[in-house]
Amino acid sequence: MLLCSKWSGRSVHFYATTDTWILLQGTETLSLRVDRHVENTKKVVEFLANDPHVASVNHPSLPDHPDHELYERYFPNGGAPIFTFEIKGGQEAAWKFIDSLQIFSLLANVADVKSLAIHPATTTHSQLTEAELADQGITPSTIRLSIGTENAEDIIWDLQQAFAKLD
């Protein structure tokens with residue numbers, strides 16, 4: 001909580017002790033969390049790129065992505081825990097897949113410590129026309145993931161069990 005005080009005609013701002021401690025904890029552990037996001041994302045992208053339920057993965061770490069060269073230059077250790085993929089089977093398959101996830105949360109947030117999934121065409125971008133969605137590369141089959149800091153094997157297990165429910 002930001003507190004404000006008047007002193008000698010000037011406003012003095014300071015943070016409450018607990019809030020400052022929480023802010024410092026978050027800052028001090030940021031590099032560890034980012035490393036975990038990156039490590040998990042690499043594993044999830046590789047898994048999705050090889051899963052038969054997936055039509056395509058839109059992540060710059062993949063050699064066929066149009067921005068792969070830039071990704072390699074600017075993120076030599078990896079990055080981009082927020083990305084999309086196209087599921088085979090259209091909107092119904094996308095909804096069923098998302099509804100079947102157990103570890104992922106259905107939230108529009110991004111870059112959280114927990115893994116998140118959402119269907120952009122019917123949530124975050126639902127106000128767009130079909131042409132505008134297409135211009136943004138969003139189809140009824142698009143699923144957006146934000147990979148968290150959970151155990152990577154648990155994240156992949158969750159994706160596997162949700163895909164299994166489509167069969």
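Both backbone and side-chain heavy atoms feed into the values below; hydrogens, waters and symmetry mates do not. We number each residue from 1, following the sequence as shown. Note that this is a predicted model, so its numbers are computed, not measured.
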## Note on the structure
Of all heavy-atom pairs linking Ser115 and Gly148, the shortest is OG-N, 2.8 Å
### Other residues, nucleotides, ligands: >12 heavy atoms within 6.0 Å of Gln160 CD
yes
### Task
Please check if the side chain of Lys96 supplies one atom and the backbone of Leu166 the other of a donor-acceptor pair under 3.5 Å.
no
### Query
Got a donor-acceptor contact below 3.5 angstrom from the Lys42 side chain to the Gly78 backbone?
no
### Task
Identify, with sequence neighbours excluded, every residue that meets ring-ring contact (aromatic ring centres under 6.0 Å, His included) alongside His59.
Tyr71, Phe83
### Task
Report yes if some heavy atom in the side chain of Thr129 is under 4.5 Å from a heavy atom in the side chain of Leu133; otherwise report no.
no
### Val57 reachable from Ile138 in the ILVMFWY side-chain graph, under 4.5 Å edges
no
### Task
First locate atom OG of Ser100, then atom CG of Asp158, and finally report the distance between them rounded to the nearest 0.5 Å.
9.0 Å
### Task
Verify, without hydrogens or angle tests, whether Thr149 (side chain) and Val113 (backbone) share a donor-acceptor contact under 3.5 angstrom.
yes
### Query
Closest approach of Val110 and Leu116, non-hydrogen atoms and distance?
N-CD1, 4.0 Å
#### Entry: Residue pairs fulfilling ring pair (Phe, Tyr, Trp, His ring centres under 6.0 Å) with at least one residue in residues 122-160, sequence neighbours excluded
none
### Query
With the threshold set at 4.0 Å, does a side-chain nitrogen-carboxylate oxygen contact exist between Lys43 and Glu39?
yes
### Task
Determine, stepwise, if the pair Ile156 / Val44 fulfils side-chain contact (heavy atoms from CB on, under 4.5 Å).
CA-CA 6 Å; Ile156 291 171; Val44 170; 4.2 Å; yes
### Query
Does some side-chain heavy atom of Leu62 sit less than 4.5 Å from a side-chain heavy atom of His68?
no
### Query
Quick one: does Leu145's side chain get under 4.5 Å of Ile82's, heavy atoms only?
no
### Task
Please report the closest heavy-atom contact between Leu101 and Leu159, naming both atoms and the distance.
CD2-CD2, 4.1 Å
### Task
Please report the shortest heavy-atom distance between Arg144 and Asn109, naming the atom on each side.
NH2-O, 3.8 Å
### Summary
Heavy atoms of Pro60 and Ala80 approach each other most closely as CG-CB, 4.3 Å
### Task
Could you list the residues that satisfy ring-ring contact (aromatic ring centres under 6.0 Å, His included) with Phe104, not counting sequence neighbours?
none
### Message
Can you confirm whether Leu107 sits close enough to Lys114 that some side-chain heavy atom of one is under 4.5 Å from a side-chain heavy atom of the other?
### Response
yes
### Message
Once side-chain contact (heavy atoms from CB on, under 4.5 Å) is applied, do any residues pair with Leu30, and if so which ones, sequence neighbours excluded?
### Response
Arg33, Val34
#### Entry: Check: Thr29 side chain, Leu32 main-chain N or O, donor-acceptor pair, under 3.5 Å
no
### Message
Which heavy atom of Pro120 sits nearest to which heavy atom of Thr142, and what is that distance?
### Response
CD-O, 3.4 Å
### Query
By ring-ring contact (aromatic ring centres under 6.0 Å, His included), which residues pair with His53, not counting sequence neighbours?
Phe163
### Query
Sub-3.5 Å donor-acceptor pair from the side chain of Asp154 to the main-chain atoms of Glu150, do we have one?
no
### Query
Is there side-chain contact between Ile155 and Asn40, with at least one heavy-atom pair below 4.5 Å?
yes
### Query
Are the side chain of His119 and the backbone of Ile143 linked by a donor-acceptor contact shorter than 3.5 Å?
no
### Message
For Ser141, is there any backbone N or O sitting under 3.5 Å from a side-chain donor or acceptor partner on Thr139?
### Response
yes
### Residue Gln161 excluded, over 12 heavy atoms near CD under 6.0 Å
yes
### Partner residues of Glu28 under the side-chain hydrogen bond (donor to acceptor under 3.5 Å, both in side chains) criterion, sequence neighbours left out
none
#### Entry: CZ-OG distance between Arg36 and Ser31, expressed to the nearest 0.5 angstrom
13.5 Å
### Query
Between CD1 of Ile98 and OG of Ser105, what distance do you get to the nearest 0.5 Å?
12.5 Å
### Query
To the nearest 0.5 Å, what is the distance between CG (Leu106) and OG1 (Thr123)?
7.5 Å
### Task
Kindly compute the distance separating CD1 (Ile87) from CH2 (Trp95), expressed to the nearest 0.5 Å.
13.5 Å
### Message
I'd like to know if the side chain of His37 and the backbone of Ile147 have a donor-acceptor N/O pair within less than 3.5 Å.
### Response
yes
### Query
If you round to the nearest 0.5 Å, how far is OH of Tyr74 from CD of Glu69?
10.0 Å
### Task
Please step through side-chain contact (heavy atoms from CB on, under 4.5 Å) for the pair Asn58 and His65, ending with a clear verdict.
CA-CA 7 Å; Asn58 183 26; His65 191 279; 2.9 Å; yes
